[in-house]
Amino acid sequence: MDWMQELENRLQARELFQLSIDGQIYTVDARTEPITFTNEHGRTERFSSPDQLETALQSWYENPVIVLI
């Protein structure tokens with residue numbers, strides 16, 4: 001399973017989880033609306049749907065190494 005499929009599964013399950021993008025840790029909280037995406041410095045982005053988060057990740061990073069923790 002690739003990272004996108006695992007991300008989709010966790011978002012659909014409405015989980016709180018972390019992921020590493022190029023060595024930086026981010027927290028994703030999909031338990032409530034909006035979905036929040038917070039970096040290790042506390043900056044938070046909010047998304048109204050799993051698709052919006054996935055699209056943002058794909059557009060923000062070029063060839064990232066992403067690991068779901």
task: For the residue pair Val28 and Leu53, establish whether any side-chain heavy-atom pair is separated by less than 4.5 Å.
output: yes
Checklist entry - Between Leu19 and Met4, is there a shared hydrophobic cluster once you connect ILVMFWY residues whose side-chain heavy atoms come closer than 4.5 Å? => result yes
Heavy atoms of Asp2 and Gln5 approach each other most closely as OD1-N, 2.9 Å
**OP:** Examine the side chains of Thr38 and Thr27 and answer whether a donor and an acceptor come within less than 3.5 Å of each other.
**Re:** no
Taking the side chain as every heavy atom from C-beta outward, state whether Leu7 and Phe17 have any pair of such atoms under 4.5 Å apart.
yes
Please examine the side chains of Glu8 and Glu54, heavy atoms only from C-beta on, and report whether any two atoms are closer than 4.5 Å. yes
When rounded to the nearest 0.5 Å, the distance separating OG1 of Thr36 from CG of Leu16 is 8.0 Å
Check your understanding: Taking the inter-plane angle between the rings of Tyr26 and Tyr61 on a 0 to 90° scale, is it parallel (under 30°), tilted (30 to 60°) or perpendicular (over 60°)?
Key -> perpendicular
Residues Ser20 and Ile25: closest non-hydrogen pair is CB-CD1, 3.9 Å
Smallest heavy-atom separation, Phe47 atom then Ala56 atom, equals CE2-CB, 3.6 Å
Contacts satisfying salt bridge (Lys or Arg N to Asp or Glu O under 4.0 Å) that involve residues 34-45 (not counting sequence neighbours) are Arg43-Glu45
Nearest heavy-atom contact between Leu11 and Pro50 is CD1-CB, 3.7 Å
State whether the side chain of Gln52 and the backbone N or O of Ser48 hold a donor-acceptor pair below 3.5 Å, judged by distance alone. yes
> Any Lys/Arg nitrogen of Arg14 or Glu33 sitting under 4.0 Å from an Asp/Glu carboxylate oxygen of the other?
Replying inline: yes
